[in-house]
2 protein chains.
Amino acid sequence: MEHNSRLEAASLTPGTVRPGGRTAKVRAAVLEATQEALVEGGFHGLNLDRVAARAGVGKTTVYRRWGSAAALVADLLRDMAEQSLPAADTGSLEGDLLANAHLVRQTLTDPRMGPVFQAVIAAAACDEECATALNGFYATRIHEWVPCVERAAGRGEVPAGTDAGEVVRAVSAPLYYRFAVSREPLGEADAVRAAGAAVAAAKAGWFTGN
Amino acid sequence: MEHNSRLEAASLTPGTVRPGGRTAKVRAAVLEATQEALVEGGFHGLNLDRVAARAGVGKTTVYRRWGSAAALVADLLRDMAEQSLPAADTGSLEGDLLANAHLVRQTLTDPRMGPVFQAVIAAAACDEECATALNGFYATRIHEWVPCVERAAGRGEVPAGTDAGEVVRAVSAPLYYRFAVSREPLGEADAVRAAGAAVAAAKAGWFTGN
DNA sequence: TCCCTAATGGGAAGCAAGTTCCGTTAAGAT
DNA sequence: ATCTTAACGGAACTTGCTTCCCATTAGGGA
């Protein structure tokens with residue numbers, strides 16, 4: 001009975017029964033290769049065969065463990081969500097959000113991360129699993145920056161009852177809009193404007209939760 | 001000489017020498033079928049063969065005139081940009097921008113147009129021609145709403161020198177961010193918040209062009 | 001109205017993508 | 001240290017998107 005359940009678990013998701021050593025190494029190599037492939041060819045040009053070759057892994061392994069380009073990107077997103085970087089604490093809300101806006105712009109205009117985010121957004125638009133993974137990624141990212149808004153509320157910089165997450169989203173939104181939707185150039189002035197506008201709207205009480 | 005140049009033009013881009021009648025009908029049918037296919041299968045599932053069949057057109061025609069899924073979407077975007085709808089004029093900036101936010105939310109949550117925009121954003125992330133076309137689409141859309149901000153500036157509702165386009169972008173940004181990036185649900189409360197925050201930031205002078 | 005040829009349409013061939021089979025390697029329990 | 005079997009890797013196979021070819025249709029100038 002127990003023997004059967006172990007077999008079943010293994011046949012459903014390879015890599016879960018023996019996650020150590022080789023399995024972990026293969027995953028790391030494949031995700032690294034996936035990211036490189038996305039930088040070069042975008043989501044549309046993602047090819048499981050080439051990813052396998054680049055990772056130095058048999059293509060059968062990639063097809064078996066992931067099965068599709070979308071699943072590969074979804075796993076990459078879960079991996080990216082785990083690597084969190086700490087938020088700023090400059091002492092003022094405007095300083096913190098400016099740091100956030102600067103970081104977002106830095107990331108989106110980065111020659112390596114820019115294409116990755118482009119691809120990841122495209123993947124989420126094509127596949128529901130990717131959409132969920134991308135949602136999870138931003139949920140953690142937003143959660144990391146919530147404290148600096150809550151500190152500002154404690155200092156009285158924004159009204160009590162301000163939805164911290166909504167303020168953080170308001171900073172990213174204009175930058176991502178230019179980056180992924182209207183496809184306009186993204187300058188440092190846009191980052192400054194995004195942070196400033198978010199603070200102004202927050203102080204005016206537009207982000208107080210219902 | 002002139003004869004040759006006409007031949008050359010024809011061989012480069014089919015449909016340019018005899019644009020009337022059948023050619024125009026084929027384009028309309030193909031773009032209509034493309035939109036339907038995007039609604040059902042997204043950009044990743046876009047298949048030139050099936051588009052041709054659905055349009056009641058030979059598949060060779062689609063492959064010859066467009067050649068790729070990305071080119072098909074790019075042409076659809078150019079077609080969409082031409083069909084402009086007039087902006088609101090309620091008498092106040094907040095009223096106009098609320099109408100705009102409401103319209104954007106309406107469009108993105110529409111069971112037909114939502115998937116189309118999803119697909120179009122994905123296509124732009126995959127292909128440079130689509131990216132340019134998408135940029136052009138939003139350039140015209142933003143341009144349509146610029147007058148209502150300029151009227152507000154004339155009434156003294158926002159500082160002189162306010163970048164009207166930037167205000168319009170500020171309204172759409174949070175809605176598109178939720179829709180395409182963070183993948184969160186999009187409610188009417190988000191539309192109200194987006195319009196209100198944009199007005200507050202504009203009045204605070206954060207959108208005054210350099 | 002007639003003619004020239006741009007543009008379309010169907011089918012067959014080519015090619016690259018994904019899928020499956022089966023032998024080999026090494027993780028982890030005893 | 002040994003054994004069981006999860007997980008990997010190479011190669012053959014299959015599917016389906018794309019392109020080529022040539023016959024057919026119809027736009028637009030004379």
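The chains referred to below are lettered A, B, ... by the order of the sequence lines, with proteins before strands, and numbering in each begins at 1.
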To the nearest angstrom, how far is A/Lys25 atom NZ from D/dA7 atom C1'? 15 Å
Looking at B/Arg65, does any N or O in its side chain come under 4.0 Å of the phosphate oxygens OP1/OP2 on C/dA7? no
Return the 5'-most residue of the pair A/Gly67, B/Gly58 with respect to DNA chain C, ranking by each residue's nearest nucleotide. B/Gly58
Is it true that the side chains of B/Gln106 and B/Asp110 contain a donor and an acceptor less than 3.5 Å apart? no
Tell me whether the OP1 or OP2 atom of C/dT19 has a side-chain N or O from A/Tyr63 closer than 4.0 Å. no
Looking at B/Asn47, I'd like to know whether one of its side-chain N or O atoms comes within less than 4.0 Å of OP1 or OP2 on D/dC17. yes
Mind checking whether A/Tyr176 and A/Tyr138 have ring centres under 6.0 Å apart? yes
Integer-rounded Å distance: C/dG9 P and B/Trp66 CH2: 10 Å
For the pair A/Asp190 (side chain) and A/Gly187 (backbone), establish whether a donor and an acceptor sit closer than 3.5 Å, ignoring hydrogens and angles. yes
Find the distance A/Asp49:CG to C/dC15:P and express it as a whole number of Å. 17 Å
Separation of atom CZ in B/Arg27 from atom C1' in C/dA6, rounded to whole Å: 18 Å
For B/Arg50, which contact category applies under a 4.0 Å heavy-atom criterion: base, sugar-phosphate, or nothing? sugar-phosphate
Out of A/Val146, A/Asp96, A/Leu93, which residue meets the side chain to side chain contact (heavy atoms under 4.5 Å, CB included) rule with A/Arg151? A/Asp96
Can you find an N or O donor on one side and an acceptor on the other, under 3.5 Å apart, linking the side chain of B/Arg22 with the base of D/dT25? yes
Is the shortest side-chain N to carboxylate O distance from A/Glu40 to A/Arg54 below 4.0 Å? yes
Nearest whole Å is fine: how far is C/dG18 P from A/Leu48 CG? 5 Å
For a quick test of reading the model: is some side-chain N or O of B/Arg64 closer than 4.0 Å to OP1 or OP2 of C/dA6? no
Quick one: is C/dG10 close enough that its OP1 or OP2 comes under 4.0 Å of any side-chain N or O from B/Thr60? no
Distance in angstrom units between B/Lys59 NZ and C/dA7 C1', rounded: 18 Å
